[in-house]
Protein chains: 2
Amino acid sequence: MLKQKITLKHIAKELDVSISTVSKALKNSEEISRDTKDRIQAFAKLYNYKPNNIAISLKNKRTKNIGVIIPDIVHHFFTTVVRGIEKYANAQGYNVIVCLSDESFDKEVINMEMLANGSIDGFIMSLSAGTEKKKDFNHLKEVTEQGIPLVLFDRVTNEIRCDKVVIDDILGAYLATEKLLKEGRKKIALLTTEDFFSVSKNRNLGYEKALRDFGLVVEEKYILRLPFMDIDEDKISDFLNSIVPDAVLSVNEIFGIHCMRVLQRKGLKVPEDVSIIGFTDGLLARHANPSITSIAQHGEKMGETAARMLIERVEREDESNYRTEIIQPTIITRESTLNF
Amino acid sequence: MLKQKITLKHIAKELDVSISTVSKALKNSEEISRDTKDRIQAFAKLYNYKPNNIAISLKNKRTKNIGVIIPDIVHHFFTTVVRGIEKYANAQGYNVIVCLSDESFDKEVINMEMLANGSIDGFIMSLSAGTEKKKDFNHLKEVTEQGIPLVLFDRVTNEIRCDKVVIDDILGAYLATEKLLKEGRKKIALLTTEDFFSVSKNRNLGYEKALRDFGLVVEEKYILRLPFMDIDEDKISDFLNSIVPDAVLSVNEIFGIHCMRVLQRKGLKVPEDVSIIGFTDGLLARHANPSITSIAQHGEKMGETAARMLIERVEREDESNYRTEIIQPTIITRESTLNF
DNA sequence: TATCAACACGAAACCGTTTTCGAAGCTTTG
DNA sequence: CAAAGCTTCGAAAACGGTTTCGTGTTGATA
């Protein structure tokens, strides 16, 4: 009952030819006579022969696997990136091995080591919070020094020379802030995280730049820095008691939506009294009531781009001209802003 | 500059011993003298030797890779399952190769074939919508006949004999409906999809059973069947014009949250006028305003369970006693119900 | 001193392919 | 008719490991 996988050796023995002949016949080599090829190919089809991937990988030192290491998978943005990677990679005949670092430096290192010993042809990754805090990139350095191609996306570092894909976070925040300013908003609050995230830092910069460009000053009291991934409506509530903004820019979806909840409970109307724009065009923004105007990061495009850069490098195998592709964010207008 | 990966052969030549000696020394074999082992191990450590995964896979016909095929990754439930699989698998030294079927039968088949030729030790999958509609499971049959272990989760079929993990959807819907009834609700609407999804069908059954147990009749006019993955607030609005429910049970998060939006725009208050319970305890339910009472499907536990069942079977390699583990759903009480 | 076990190591097969090279057997050519 | 050239195939090495089995050396024992 257990149909054992058939190998070249089996076919060779059965048809009384050599393994090499079978191999060549199945590749339609000119070396083999029409007759023999027909016999072998028919037999192979009958028994549904498929070459063993592992053996092929060992032979040509190519696995056709891509290793993807992301901090978290229960996260809309990363999920869209993975989808983009998957689509492009699959179309090129590559498989995607996904590992989660769980925002931990140690897990990131372990995962890289697990995959770096032949399992994959290259890495696509976004740094864990732990790594960004620690600023230790030796595991990345080791991998690139071994000649394994690496593409960093979103959470990147200048310490490593490799291909990168980022979005222009400064521009994104600028666009958002500009839109709020053009609606006539003057007291624009910023909900952000601690600064060690490269993305948050850049978003803060864009916000500040827009304010200054419009002749306003950046006031620290309008900025609320919340701990990463911690949703504490009380802190937001306290913040909104200390100042009364007429608009809010949030560097992520979660902070934005909870800010809206707090505002609504204080009896304020969105967008009549307060406009809200949030980063990340995810499910929450789309389905909230009112739906939230967002800065789209185009994760799927980012994933596709990263996969394209990686596969190109894997197949060209040169190690020069590292590029950084910059994805342009766009603003998606929804109900949480005035939109005239 | 390009540090080539070092192999047993390199070490052997450098230290003037045989490859077998190196291999044994690195495994601390008793056969090799303390002296030689020390030399070899020191050298290996110095040059950071790591055995090549592919070679090992070829030798022991074990890849330590698990293939996961899911319909979509930008979907909170599947994402939590993947996380559960990843955690358990990683802890056991396995890697996870994720493939997306995109709800398409053809892609599901292609993905399985790509992985079935040696790349993985076993499959964990949830059927695509296309496959459930087509009722063609030959690709699954082929794989199991080859002796490749398979675990189905959530969207499963009776046609295939293998391990399965499902949640008790009937119970979940029953619990939800029961809660609404106990709140005194009498006119409970059901938002569901077409019947070919095994999950939706069971949820409908649970809803109907609860109504009957409480002496109510199931009225078709209280049931709205929406196309899969299509969010059309107008249809919901029309539905809510034709009947006036005092509670709504939605078989997924999206329908539920949009139903709430429509109700709110009609001036109805949730939960004062209408209670809402939705399946899938995802981001939307958690962060909505008001937050939505949900049936938690415990995706992470499901993933863990599936991974455990698969790895056990891979490592025991027997082919009997297929089990179906049933995850118990639980109700998570939030703001969209009365909760007394 | 001859015998034998223990020790330490190497040769070789094997996993399933690909690919180079050599060598038959046949046909063509001068 | 001999040399050359095709056609068609097989042997063997290679990828990087693991593992079985054999063997030479050493020291102990009778």
Side-chain angles (χ1 to χ4, degrees), chain A residues 4-41 43-44 47-65 114-121 146-148, chain B residues 4-41 43-44 47-65 115-121 146-148 317:
Chain A
Q4 256 305 320
K5 275 252 111 181
I6 192 170
T7 69
L8 291 186
K9 198 193 282 189
H10 295 138
I11 303 185
K13 200 190 304 175
E14 212 63 32
L15 264 45
D16 206 44
V17 291
S18 77
I19 295 183
S20 359
T21 304
V22 178
S23 175
K24 289 171 192 163
L26 293 178
K27 319 202 88 145
N28 234 320
S29 160
E30 290 303 323
E31 274 184 65
I32 309 297
S33 72
R34 191 64 265 166
D35 266 16
T36 321
K37 281 199 281 192
D38 285 347
R39 276 173 63 223
I40 294 178
Q41 286 172 2
F43 189 92
Y47 286 93
N48 191 30
Y49 169 79
K50 295 277 169 51
N52 180 304
N53 287 334
I54 299 293
I56 293 183
S57 294
L58 182 59
K59 187 91 239 287
N60 16 288
K61 290 160 161 267
R62 281 282 165 73
T63 61
K64 288 257 176 184
N65 285 154
M114 272 192 81
L115 295 181
N117 299 307
S119 298
I120 49 96
D121 294 341
Q146 278 176 30
I148 304 178
Chain B
Q4 257 306 320
K5 275 249 112 179
I6 192 170
T7 69
L8 290 187
K9 198 193 280 191
H10 295 140
I11 303 184
K13 198 189 307 175
E14 212 62 33
L15 263 45
D16 206 44
V17 290
S18 76
I19 294 182
S20 0
T21 304
V22 179
S23 174
K24 290 170 191 163
L26 293 177
K27 319 202 86 142
N28 234 319
S29 159
E30 290 303 324
E31 274 184 67
I32 309 298
S33 72
R34 193 62 267 167
D35 267 15
T36 318
K37 282 199 280 192
D38 284 347
R39 275 173 63 224
I40 294 178
Q41 288 172 2
F43 189 90
Y47 286 92
N48 193 28
Y49 169 80
K50 296 277 170 52
N52 180 304
N53 288 334
I54 300 291
I56 293 182
S57 294
L58 182 60
K59 186 88 239 278
N60 16 289
K61 293 161 158 262
R62 281 282 167 72
T63 62
K64 287 262 179 178
N65 284 153
L115 296 181
N117 299 307
S119 297
I120 49 94
D121 294 340
Q146 278 177 30
I148 304 179
E317 38 185 288

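Residue numbers start from 1 in every chain, and the chains themselves are labelled A, B, ... in the order their sequence lines are given, proteins ahead of strands. All values reported here derive from a predicted model rather than from experimental measurement.
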With heavy-atom distances below 4.5 Å as the criterion, would you say the side chains of [X] and [Y] are in contact?
X	Y	value
A/Lys61	B/Ile54	no
A/Thr21	A/Ile32	yes
A/Ile56	A/Thr63	no

Check the pair B/Lys37 / B/Leu26 against side chain to side chain contact (heavy atoms under 4.5 Å, CB included), numbers first and verdict last. CA-CA 7 Å; B/Lys37 282 199 280 192; B/Leu26 293 177; over 6 Å; no
Which nucleotide of DNA chain D is the first, and which the last, in the 5' to 3' direction, to come under 4.0 Å of a heavy atom belonging to chain B?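 First-to-last contact on DNA chain D, by the 4.0 Å heavy-atom rule, is D/dC15 to D/dC21.
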How would you label the contact of B/Thr36 with the nucleic acid (heavy atoms, under 4.0 Å): base, sugar-phosphate, or nothing? sugar-phosphate
List the protein contact pattern of nucleotides 17-23 of chain C with one symbol per nucleotide (5' to 3'): B for base contact, S for sugar-phosphate-only contact, - for none; contact means a heavy-atom distance under 4.0 Å. BBBBB--
Taken to the nearest whole Å, CG/B/Asn117 to C1'/C/dG16 is 12 Å
Round to the nearest Å and state the distance from A/Lys61 atom NZ to C/dG16 atom P. 21 Å
Start with the C-alpha distance between B/Arg34 and B/Asp38, add both sets of side-chain angles, then the distance that settles salt bridge (charged side-chain N to carboxylate O under 4.0 Å, His left out), and finish with yes or no. CA-CA 6 Å; B/Arg34 193 62 267 167; B/Asp38 284 347; 3.0 Å; yes
How many angstroms lie between OH in A/Tyr49 and OG1 in A/Thr7, if you round to the nearest 0.5 Å? 7.5 Å
With side chain to side chain contact (heavy atoms under 4.5 Å, CB included) as the criterion, how do B/Ile6 and B/Phe43 come out once you've worked through the C-alpha distance, each side chain's angles and the decisive distance to 0.1 Å? CA-CA 11 Å; B/Ile6 192 170; B/Phe43 189 90; 4.0 Å; yes
Heavy atoms from other residues, nucleotides or ligands near NZ of B/Lys13 exceed 12 (cutoff 6.0 Å): no
